[in-house]
Amino acid sequence: MNQTKINDFNQIITGRRSIRNYDPSVKISKEVMTEILTEATLAPSSVNLQPWRFVVIDSPEGKEKLAPLAKFNQTQVKTSSAVIAVFVDMNSLDYADEIYNKAVEEGYMPAEVRDRQLPSIKGLLQMMTTEQFREMNLIDAGLVSMQLMLSARAHGFDTNPIGGYEKDQIAEAYGMDKDRYYPVMLISIGKAADAGYKSVRLPVESITEWK
């Protein structure tokens with residue numbers, strides 16, 4: 001990686017702020033939002049099941065529905081270009097054949113590797129408890145969420161992750177099966193109306209051990 005690319009990446013990382021107040025006049029087109037989400041989904045996932053699912057809430061009607069479910073984040077709901085609800089699909093194993101067949105079609109994986117791996121993957125995951133499977137998916141959802149925020153930053157937008165909302169109601173509010181789609185977080189996205197605040201981080205020396 002050349003120095004210019006390193007500097008650009010460092011600016012994306014160090015320039016990110018958790019923004020609460022956005023410029024309400026700024027809208028993100030479906031095309032640009034699709035690019036951001038596409039880049040986010042390049043994040044790794046366990047056995048490549050890609051369990052993440054998104055609901056982009058950007059219409060007045062969608063935000064009106066979200067407002068009572070995110071009582072402590074009204075400014076973000078009202079002023080952001082969109083709020084992205086991140087879920088994991090507890091039926092993600094159903095997509096294993098589609099994903100692995102596509103990998104073979106694209107030349108990313110030999111057919112014999114697919115034929116050897118798929119039965120093992122299905123057998124292993126089917127033995128998991130619901131809680132174990134959820135925990136695995138939540139790790140993947142964390143990876144895609146952080147990548148989404150960095151992608152948004154690279155496109156010139158700001159974000160903030162939101163964990164305080166009515167998780168037991170969010171799926172059904174948008175017509176989703178609450179037993180299948182497990183909520184992870186909300187991510188507000190838009191153009192910051194102020195600079196936000198820097199935050200303190202513990203030094204690496206105090207959180208890392210070298211063995």
Side-chain angles (χ1 to χ4, degrees), residues 5 7-45 50-89 137-138 140-178 181-199:
K5 290 183 177 179
N7 291 339
D8 289 345
F9 182 71
N10 286 343
Q11 288 178 1
I12 291 171
I13 296 290
T14 60
R16 194 193 67 80
R17 299 285 183 272
S18 291
I19 298 298
R20 272 73 172 174
N21 189 28
Y22 298 89
D23 180 348
S25 68
V26 174
K27 304 300 178 186
I28 302 176
S29 69
K30 185 174 181 180
E31 290 72 22
V32 172
M33 187 69 80
T34 298
E35 287 182 20
I36 292 172
L37 292 173
T38 299
E39 291 165 3
T41 61
L42 296 175
S45 65
Q50 307 163 48
W52 43 68
R53 304 291 183 264
F54 309 105
V55 177
V56 179
I57 305 166
D58 62 352
S59 68
E61 297 79 13
K63 287 191 170 189
E64 183 178 353
K65 191 177 295 183
L66 179 62
L69 303 180
K71 298 182 181 69
F72 303 107
N73 297 281
Q74 295 299 296
T75 300
Q76 294 182 68
V77 172
K78 291 177 181 177
T79 65
S80 65
S81 300
V83 178
I84 302 171
V86 183
F87 297 85
V88 292
D89 184 355
N137 287 341
L138 286 174
D140 297 340
L143 292 170
V144 80
S145 296
M146 188 70 250
Q147 187 139 315
L148 194 160
M149 289 187 281
L150 293 178
S151 174
R153 180 69 184 168
H155 282 265
F157 300 106
D158 302 282
T159 59
N160 187 51
I162 301 169
Y165 61 100
E166 304 297 336
K167 291 186 176 181
D168 60 334
Q169 302 175 42
I170 188 76
E172 286 186 310
Y174 293 97
M176 303 171 73
D177 181 351
K178 68 176 182 178
Y181 298 101
Y182 187 83
V184 179
M185 70 178 77
L186 304 176
I187 301 175
S188 59
I189 179 172
K191 183 71 72 171
D194 53 51
Y197 297 96
K198 290 185 177 182
S199 56

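Computed over heavy atoms, backbone and side chain alike; hydrogens, waters and symmetry mates excluded. Everything numeric in this text was worked out from a predicted model, so none of it was measured.
- Expressed to the nearest 0.5 Å, how far CE of Met176 lies from CZ of Arg53 amounts to 9.0 Å.
- With Lys178 contributing its side chain and Ala171 its backbone, the two residues share no donor-acceptor pair below 3.5 Å.
- To the nearest 0.5 Å, atoms CZ (Arg153) and OG1 (Thr159) are separated by 9.0 Å.
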Chi angles and distances behind the side-chain contact (heavy atoms from CB on, under 4.5 Å) call for Val88, Asp140: CA-CA 9 Å; Val88 292; Asp140 297 340; over 6 Å; no
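- Taking all atoms of both residues into account, the shortest heavy-atom contact from Ala40 to Val144 is O-CG2, 3.3 Å.
- Leu148 and Phe54 make their closest contact through CD1-CE2, 3.9 Å (heavy atoms, listed as atom of the first residue, atom of the second, distance).
- Looking only at side-chain heavy atoms (C-beta outward), Met33 and Ile84 come within less than 4.5 Å of each other.
- Put simply, CG on Leu186 and CG on Asn160 are 10.0 Å apart, with the number rounded to the nearest 0.5 Å.
- Atom CD of Glu64 has 12 or fewer heavy atoms from other residues, nucleotides or ligands within 6.0 Å.
- With rounding to the nearest 0.5 Å, the separation of CG in Asp194 from CD1 in Ile19 is 5.5 Å.
- Within the 3.5 Å criterion, the main-chain N or O of Asn21 finds no donor-acceptor partner in the side chain of Thr79.
- Contact check for Pro68 versus Glu166: no side-chain heavy atoms found under the 4.5 Å cut-off.
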CA sep, side-chain torsions, deciding dist, call: Met149, Ile187, side-chain contact (heavy atoms from CB on, under 4.5 Å): CA-CA 8 Å; Met149 289 187 281; Ile187 301 175; 4.0 Å; yes
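- Relative to the ring axis of Tyr22, Lys191 does not place its NZ or CZ within 45° and under 6.0 Å from the centre.
- Atom NZ of Lys27 has more than 12 heavy atoms from other residues, nucleotides or ligands within 6.0 Å.
- Between the side chain of Ser151 and the main chain of Gln147, no donor-acceptor pair closer than 3.5 Å is present.
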Evaluation steps, side-chain contact (heavy atoms from CB on, under 4.5 Å), between Ser45 and Trp52: CA-CA 9 Å; Ser45 65; Trp52 43 68; 3.7 Å; yes
Intermediate values then yes/no, side-chain contact (heavy atoms from CB on, under 4.5 Å), Val184 and Phe87: CA-CA 5 Å; Val184 179; Phe87 297 85; 5.5 Å; no
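- A donor-acceptor distance shorter than 3.5 angstrom exists from the side chain of Asp158 to the backbone of Ala192, with no hydrogens or angles considered.
- Applying the side chain to side chain contact (heavy atoms under 4.5 Å, CB included) rule to Lys65 yields the partners Ala173, Tyr174; only residues at least two apart in sequence or on another chain are considered.
- To the nearest 0.5 Å, the span separating CD1 on Ile57 from CG on Leu69 amounts to 8.5 Å.
- Counting heavy atoms from C-beta on, the side chains of Ile170 and Leu66 come closer than 4.5 Å.
- Taking CG from Asp23 and OG from Ser80, the interatomic distance works out to 11.5 Å, rounded to the nearest 0.5 Å.
- Closest heavy-atom contact between Pro183 and Lys167: CG-O, 3.4 Å.
- In this structure, the side chain of Tyr165 engages the main chain of Met185 through a donor-acceptor pair within 3.5 Å.
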